Amino acid sequence: MTLVALGLAVVAFFYVRYRLRLWKATRAKRLTLRADSAAKAGDRTARPLTQRLHTHLPDAAVRRLMRWSPQPDRFWHRWFAPRVTVARRGLFGGPVRVDPAQHIAAIGTTGSGKTSVLRVLAAWALARPDWMVVALDGKWGASVAPYRRHCRVLDDLGEIEAFLSDLVRREFPARGRMTRRPHLVLIADESRLFNELSAAALADLVTIMQTGRELGVHVWAGLQDFKTSSVPSEIRMLFTARLAHLVPTAEDSQVIFKDLAAAGWRPDRLERAGQLLVWEPQRKKARVCFGLWASETALAGARNRVCLVKIPPVHVPVRSAVRTPSDLRVQAPNEQRTNTRPPVADDVLTALMTSPEPLGVRALARATGRSPAAVHAAVNALAADGAVTRTADGYTIPLHATEEE
Ligand SMILES: Nc1ncnc2c1ncn2[C@@H]1O[C@H](COP(=O)(O)OP(=O)(O)OP(=O)(O)O)[C@@H](O)[C@H]1O
Ligand SMILES: [Mg+2]
């Protein structure tokens, strides 16, 4: 009898202990769930009124409110590097600006507004006299369509690879000798492009990104995700500015911002296309911004200027037979060296480098502000040197100038 009672007591003990543990586990789970939903609700109520409005307004209204318009040129931009307004802090809030002279990645899931923000940046660069743009196609022509009227567009992968190689081997040494270098920006609005490049072209791109900032060459890319599977790791970390649009998961935020994700850099918490977090190393606080909306038509119809930087004459001894603007300056026959104005040949070369299409003598004279006779003489000397070629539409720089040994 005593034994049975003892057995029952043991069973009762284990049963009660099991029930107690079960209850504790369920309670803990319930509490976490409640804390999570409270945090989410807190997040939502903590959003400023403009963000709540931005989230709930119809697309057409938001696009109208956030419509991009050209950024005026200020006189202080002559002395201080300008910054580009890409977003606003609220529907009617102050501008959010980024430094354009760096590698910029616009990251976000499909339809989150990357292309729009790249168009805003591109429209700004196209209107500057010291910036030139080259658009690299990664979407069978769709993403570069509005650029065609304004700048050089490279559609073909082979052409893109040849351009990258030419940039590193021919243009970089020439840029290295210039005192004021025109900025060149490569716009690649698709991560597919980075994955399709051959190993040699990828190495060129890495060189461009590593050394390009000082030489005035920048890459602005639109990337659907920031994982190594989409963007090669060699170039991922070289983007010094990140415009993070809506991404699907918290893990994506972690990939984009690493430790900063814990400090509130969470693009997965954004709520609609056009919202973004603008990160540059000096920005400490994650703040939701609303991207400006630049449609394809707006970019296609944007004001465009030929990039024309006057390069002051710098006398560099000719060391090889590589044709660079400095070499040609030494060889150009009719140059006067009594004033500080750069030689006509330099101006002609810069105008041809920056023009998306071949230019005739008159167009070159207009672009350089020189007399047609001087341009004619310079262009003839350059053509005799093989630095420019004549086509049916005018003069142009041969795409793949080979180095003579
Ligand atoms: N700044 C913005 N304000 C309001 N709506 C926007 C903004 N940017 C984009 N959108 C909306 O999102 C849609 C998609 O924009 P966009 O083409 O820029 O996205 P995306 O990220 O480039 O997409 P994909 O990855 O497919 O190329 C636009 O048609 C527009 O309706
Ligand atoms: Mg796009």
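FYI, side chains are in, hydrogens and waters are out, and symmetry mates aren't considered; it's all heavy atoms of this structure. What you see is a predicted model; the values in this text were computed from it and never measured. In each ligand, atom 1 is the first atom listed, and ligand 1 is the first ligand listed.
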Provide the number and element of each atom of ligand 1 under 4.0 Å from a heavy atom of S112.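 Taking each heavy atom of S112 in turn, ligand 1 has 19 (O), 20 (P), 21 (O) under 4.0 Å.
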Contacting atoms of ligand 1, where contact means under 4.0 angstrom from a heavy atom of G113: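 Reading through ligand 1 atom by atom, the close ones are 8 (N), 9 (C), 15 (O), 16 (P), 18 (O), 19 (O), 20 (P), 21 (O).
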Does any N or O of ligand 1 fall below 3.5 Å from an N or O anywhere on [X], backbone included?
X: T110; result: yes
X: R63; result: yes
X: D189; result: no
X: G274; result: no
X: H54; result: no
X: G291; result: yes

Using a 4.0 Å heavy-atom cut-off, which part of H245 comes near ligand 1: side chain, backbone, both, or neither?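 Looking at H245 and ligand 1, no heavy atom falls under 4.0 Å.
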Where's the contact between L292 and ligand 1, heavy-atom distance under 4.0 Å: side chain, backbone, both or neither?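 Near ligand 1, L292 shows its backbone, while the atoms from C-beta on stay back.
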When you measure from the heavy atoms of G108 to every atom of ligand 1, does any distance fall below 4.0 Å?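 The answer is no: ligand 1 sits nowhere under 4.0 Å from a heavy atom of G108.
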Consider ligand 1: state whether an atom of it lies below 4.0 angstrom from any non-hydrogen atom of G222.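 The answer is no: ligand 1 sits nowhere under 4.0 Å from a heavy atom of G222.
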Name the option, out of E296, K114, R88, that contains the heavy atom nearest to atom 25 (O) of ligand 1.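 Closest candidate by heavy-atom distance is K114.
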Could you walk me through whether D155 and R148 pass the salt bridge (Lys or Arg N to Asp or Glu O under 4.0 Å) test, one step at a time? CA-CA 11 Å; D155 300 288; R148 286 193 196 279; 2.8 Å; yes
Donor-acceptor side-chain pairing of Q254 and T249 below 3.5 angstrom: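 The answer is no; no qualifying pair exists.
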Under a 3.5 Å cutoff, is there a donor and acceptor pairing between the side chains of H218 and Q102?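 Note: H218 and Q102 side chains miss the donor-acceptor criterion.
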Between CD1 of I235 and CG of L205, what distance do you get to the nearest 0.5 Å?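 It comes to 5.0 Å.
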CA sep, side-chain torsions, deciding dist, call: E251, K227, side chain to side chain contact (heavy atoms under 4.5 Å, CB included): CA-CA 10 Å; E251 192 201 338; K227 297 193 181 118; 4.1 Å; yes
Taking backbone and side chain together, does T110 place any N/O/S atom at a distance below 2.8 Å from the Mg ion (ligand 2)?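 Checking the Mg ion (ligand 2) against T110, no N, O or S atom falls under 2.8 Å.
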Would you sort out whether D268 and L246 count as a side chain to side chain contact (heavy atoms under 4.5 Å, CB included), showing the intermediate values? CA-CA 6 Å; D268 58 303; L246 183 64; over 6 Å; no
Which of parallel (below 30°), tilted (30 to 60°) and perpendicular (above 60°) describes F239 and F226?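 If you compare the ring of F239 with that of F226, the planes turn out tilted.
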Name the one of R97, R83, R242 that satisfies salt bridge (charged side-chain N to carboxylate O under 4.0 Å, His left out) with E280?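 The single option meeting the salt bridge (charged side-chain N to carboxylate O under 4.0 Å, His left out) with E280 is R83.
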Do R128 and D130 meet the salt-bridge criterion of a basic N to acidic O distance under 4.0 Å?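 Salt bridge between D130 and R128, a charged N being under 4.0 Å from a carboxylate O: yes.
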